[in-house]
Amino acid sequence: MSFLKSKFHHPRLARNELGLTHRDYEGSLSTLCAGCGHDAVGAALVQAVFELSIPAHKIAKLSGIGCSSKAPTYFLNQSHGFNTVHGRMPSVATGAGMANRSLKYIGMSGDGDTASIGLGQFAHVVRRRLDMTYIVANNGVYGLTKGQMAATAERGSTTKKGNKVLWPDIDLATMALELGATFVARSFSGDKEQMVPLLKAAICHEGFAFIDIISPCVTFNNHATSTRSYDYVREHVQEGLIADFVPVASDITTSYGEGESNDICLHDGSIIRLHKGSNGFDARDRQSSLGAIHKHRENGEILTGLLYCDPTYRDMHDILNTTETPLNSLNEKELCPGAHTLNGINNGFR
Amino acid sequence: MKPTNTIDPTHFHKVVDCQYACPAHTPVPEYIRLIMARRYTDSYMVNWEANVFPGILGRVCDRPCEPACRRQRVEEKPVAICRLKRVAADNKGDIQDRLPIIPTKKNGKRIALVGAGPASLTVARDLMPLGYETTLFERDARAGGMMRSQIPTFRLPEEVINSEVDLVLNMGVEPRFGNEVNSLKAILDEDFDAVFVGTGAPNGRPLDLPGLKEAGDHVKIGINWLAGVSFEHIDEAPKRVVVLGGGNTAMDCTRTALRLGAKDVKAIVRSSYDEMKSSPWEREDAVAEAISIIPNHTPLRYVVENGKFIGVEFDRVETHWEKGKRRLVSTGEDPVLVECDLVLVAVGQDVSLPWIERDLGIQFDDWDMAVVNRDTFQSTNERVFFGGDAAFGPENIIMAVSHGHQAAASIHRYLTDGRDVNDVPIGDYTLTSQKMGIHEWSYQSAISDEERNVVPIINLEQALEDITAEVELGFDEKLALSEAARCLSCDVQTVFSEDLCIECVACEDICPMDCINFVTNGDEDDLRSRLIVPADESERDLYVSGQLKSQKVMVKDEDVCLHCGLCAERCPTGAWDMQKFLFQADRAT
């Protein structure tokens with residue numbers, strides 16, 4: 001078994017604005033099963049952060065428990081990280097986010113960590129619109145405990161051992177939409193061309209960005225009667241809106257005719273350029289998105305791509321009026337503004 | 001693009017850059033792997049079968065393999081392939097029981113081999129085990145050709161030549177040594193079934209400048225002088241020696257002169273330093289012995305004043321390139337006089353075939369070279385074959401060996417009933433999975449970060465004292481194993497089966513060199529431009545699969561693959577496998 005990946009890299013590897021190659025954003029060599037979709041999610045994240053030229057130390061990776069949640073070890077080695085208690089990643093992310101607004105927060109979770117033990121935490125972090133990118137690597141199965149079906153597995157599909165799933169599944173994208181997420185997307189780990197621009201947009205989005213990534217489990221959920229296998233997903237995917245990510249201050253060129261594309265401008269000035277697929281809906285209209293998701297589900301299809309994005313909503317920092325300065329950088333004068341300020345506050349309650 | 005045809009050995013053969021570049025197609029990674037397992041004798045035999053003279057080539061080969069080595073493209077310097085060959089030769093055990101059995105009952109065919117150099121010896125080595133009788137004609141008293149006469153002993157000890165040449169002679173070759181060969185007709189009249197001409201390029205090219213006649217013995221032809229040293233007719237050199245020429249022979253002349261007592265030795269070259277013909281390492285070795293190399297000087301005349309030899313006068317020049325052609329242009333400065341006592345001219349060698357009568361049906365071209373078929377090495381007289389330098393002009397030992405193999409195979413086809421001499425097979429190969437367990441391979445898949453090891457040498461004083469003292473000591477075992485571990489095992493191929501692929505793209509993600517791509521198909525230029533790292537300029541082939549379920553294809557750029565096996569380890573379905581590709585060039589069998 002190889003535990004090491006050679007440090008040699010392609011002599012003509014592309015470099016980003018920081019002069020780094022995508023290899024500089026790698027993590028340790030993965031110990032997930034060979035062919036695990038989560039590794040492809042990690043690779044897409046590496047590519048996204050590399051392309052955005054974000055220094056790795058300006059990112060914090062947070063996760064709970066599960067195959068998905070051990071995945072952050074395998075990307076962005078130079079970033080901050082916190083591997084929390086099962087289902088409690090949103091709380092730690094909230095604390096970290098409140099303490100330091102200057103970092104980009106990437107939460108990596110799974111179907112168990114989010115849709116079962118962590119469902120309560122998930123609901124509240126969405127509701128509060130914490131400024132973070134929340135990724136669910138969704139394989140519909142508990143891989144780390146040997147293949148029990150997760151809450152996101154569809155009713156009627158069967159486990160590897162042949163047991164039918166009796167309960168209806170939780171659709172996390174719909175849930176995030178209902179609870180007020182301001183960026184919702186769904187993707188497939190086998191489609192990096194779609195994942196990378198979505199991840200870039202999600203990272204640049206200020207507010208709660210949720211991406212549900214169907215990420216097949218090769219060991220426990222890749223059989224013929226699964227609805228989360230590579231083959232099944234590939235056959236049932238319907239790409240709704242094709243999104244390009246146009247970074248800040250780059251020349252905007254488009255190969256699409258007038259009226260065929262639609263721009264969403266994010267806070268930092270970057271643009272999500274949407275091209276209407278055949279089954280177009282309005283990604284700025286929550287109801288339209290919900291309708292499209294439901295319609296495709298009824299047809300047995302999986303709608304992927306950007307589902308919803310509205311950068312005009314205020315996030316948790318705006319609502320709480322938090323300080324731009326990370327708490328660890330505040331000095332004594334700012335933390336203890338003196339009797340005069342205290343009097344002012346006290347007078348406000350009289 | 002169409003899916004790569006991997007049934008034909010060409011694609012995988014080209015991936016093994018070193019073996020592909022070797023004219024004799026020595027399975028380099030295979031013998032290096034055997035060195036790593038300390039199986040020196042096995043490693044020697046792999047070499048011996050392919051190149052006949054591993055001990056000799058491990059010291060003086062022109063190493064076309066090393067500039068081709070992939071290590072150079074991913075790190076900086078190639079694996080010291082040549083010197084590892086010497087390791088196998090230095091450490092081998094007894095090989096007597098591994099040599100081919102020579103049949104006592106002969107097949108009735110007699111072959112004449114003219115010139116006992118590497119080409120003829122290779123033909124003998126290939127044909128003797130098949131029952132042929134061979135007769136070897138040589139003007140010198142001993143076999144070895146230029147390996148013995150032109151390469152100084154401090155680079156190639158005599159006992160190394162003897163032992164490897166004797167392996168061939170002991171197969172029962174009939175020697176006819178010590179007589180100048182001056183008629184091919186006489187040989188043909190002896191009713192040989194075929195004649196192989198491997199007489200090399202024995203004539204050193206003179207440099208006919210004004211003053212040559214007056215200079216007399218002060219100007220000598222380099223290779224003749226080296227042969228004189230080799231056969232001990234010459235045992236001293238005057239104090240100041242100028243060598244004209246920048247090839248390997250010139251370098252050998254300078255270093256030999258130094259050992260025979262010269263104190264001031266210069267190699268004076270027309271070209272710039274970087275464009276010199278010598279191998280870079282031979283140049284470096286000369287410089288290390290305090291030889292001064294003076295580039296950009298074109299000799300004008302030999303200077304003799306009042307009957308006394310003074311030296312050589314040079315014009316200073318610059319190199320200009322025009323339409324790919326080199327032109328040396330005078331700088332217009334005053335000529336430079338370099339005073340010396342002896343001039344050795346090493347500006348090239350020529351093939352010499354005046355001993356071949358022109359009415360034997362052998363066609364000659366405008367340069368007085370025999371017309372030889374490049375695939376079969378047959379001349380226009382179907383009984384006469386050529387090889388080595390005599391066939392197409394001066395090359396090197398490994399090329400001569402390659403010619404010998406191919407000529408032997410042609411002779412064998414020619415003399416076997418019902419076979420067409422022009423039907424040259426491409427060669428044979430085996431492809432064997434290296435999988436031992438889930439993530440376990442029977443080759444070293446981990447990549448060594450070691451830099452190229454330097455071969456230890458004796459100190460300069462000791463070297464200059466004794467002309468027979470070999471300068472290079474060779475790698476010791478520790479260095480040898482460290483150097484061997486640098487080999488990337490390019491012969492262990494990444495073999496892809498599209499019917500097993502589920503397109504999880506784990507291989508694309510894990511590949512340290514970003515070689516693997518899953519893209520929609522297109523023509524070659526288009527595909528090359530759309531790879532993760534575009535390969536527009538690359539000379540290496542793409543490995544393209546058939547169409548996958550998503551309508552994409554797998555495209556692997558073979559250029560810088562480390563053969564680390566991570567793609568196969570990361571593949572959940574075994575669509576990737578690491579398989580050892582052992583290519584055997586066509587041989588007489």
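Keep in mind it's a predicted model, so treat the numbers as computed, not measured. Sequence lines set the chain letters: A, B, ... in the order given, protein chains first and strands last, and positions in each chain run from 1.
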Peer 1: Going from SG on C36(A) to CZ on R570(B), what distance comes out if it is rounded to the nearest 0.5 angstrom?
Peer 2: 9.5 Å

Peer 1: Which ring-ring contact (aromatic ring centres under 6.0 Å, His included) pairs, counting each pair once, include a residue from residues 500-545 of chain B, with sequence neighbours left out?
Peer 2: H11(B)-Y543(B), F12(B)-Y543(B)

Peer 1: Step by step, work out the side-chain contact (heavy atoms from CB on, under 4.5 Å) result for M513(B) and S6(A).
Peer 2: CA-CA 9 Å; M513(B) 304 308 279; S6(A) 174; 5.9 Å; no

Peer 1: Just give me the residue among A535(B), A506(B), P512(B), C507(B) that pairs up with chain A most often, heavy atom to heavy atom, under 4.5 Å.
Peer 2: P512(B)

Peer 1: Where does Y230(A) contact chain B at under 4.5 Å (heavy atoms): side chain, backbone, both or neither?
Peer 2: side chain

Peer 1: How many angstroms lie between CD1 in I502(B) and CG in N222(A), if you round to the nearest 0.5 Å?
Peer 2: 5.0 Å

Peer 1: Say you draw a straight line from CD of E235(A) to OG of S550(B); how long is it, rounded to the nearest 0.5 Å?
Peer 2: 11.5 Å

Peer 1: With a 4.5 Å cut-off on heavy-atom pairs, point out which of D514(B), V505(B), V560(B), D557(B) contacts chain A the most.
Peer 2: D514(B)

Peer 1: For chain B, which residues from residues 11-22 of chain A have at least one heavy atom closer than 4.5 Å to it?
Peer 2: P11(A), R12(A), L13(A), H22(A)

Peer 1: Below 4.5 Å from any heavy atom of chain B, which atoms of E193(A) appear? Answer side chain, backbone, both or neither.
Peer 2: side chain

Peer 1: How close do C504(B) and A40(A) get, counting heavy atoms only, and between which atoms?
Peer 2: O-CB, 4.3 Å

Peer 1: Please give me the minimum heavy-atom distance between A34(A) and P572(B), naming the atom from each residue.
Peer 2: O-CB, 3.2 Å

Peer 1: Using only non-hydrogen atoms and a strict under-4.5 angstrom cutoff, which residues of residues 68-75 of chain B touch chain A?
Peer 2: R71(B), R73(B), V74(B), E75(B)

Peer 1: Which atoms of C515(B) are under 4.5 Å from chain A, going by heavy atoms: the side chain, the backbone, both sets, or neither?
Peer 2: neither

Peer 1: Flag yes if more than 12 heavy atoms outside Y20(B) fall under 6.0 Å of its OH atom; otherwise flag no.
Peer 2: no

Peer 1: Just by modelled atom types, is the I510(B) backbone N or O under 3.5 Å from a matching donor or acceptor in the K5(A) side chain?
Peer 2: yes

Peer 1: Which answer fits T573(B), side chain, backbone, both or neither, if we ask what part of it has an atom under 4.5 Å from a heavy atom of chain A?
Peer 2: neither

Peer 1: Which bit of D39(A) is near chain B, if near means a heavy-atom gap under 4.5 Å: side chain, backbone, both or neither?
Peer 2: both

Peer 1: Please collect all salt bridge (charged side-chain N to carboxylate O under 4.0 Å, His left out) contacts where either partner lies in residues 442-452 of chain B, sequence neighbours excluded, each pair once.
Peer 2: E66(B)-R452(B)

Peer 1: Take D509(B) and K192(A), measure what side-chain contact (heavy atoms from CB on, under 4.5 Å) needs, and give me the verdict at the end.
Peer 2: CA-CA 10 Å; D509(B) 295 338; K192(A) 209 172 283 156; 2.2 Å; yes

Peer 1: Using a 4.5 angstrom heavy-atom cutoff, name the option from R234(A), Q47(A), K7(A) with the most pairs to chain B.
Peer 2: R234(A)

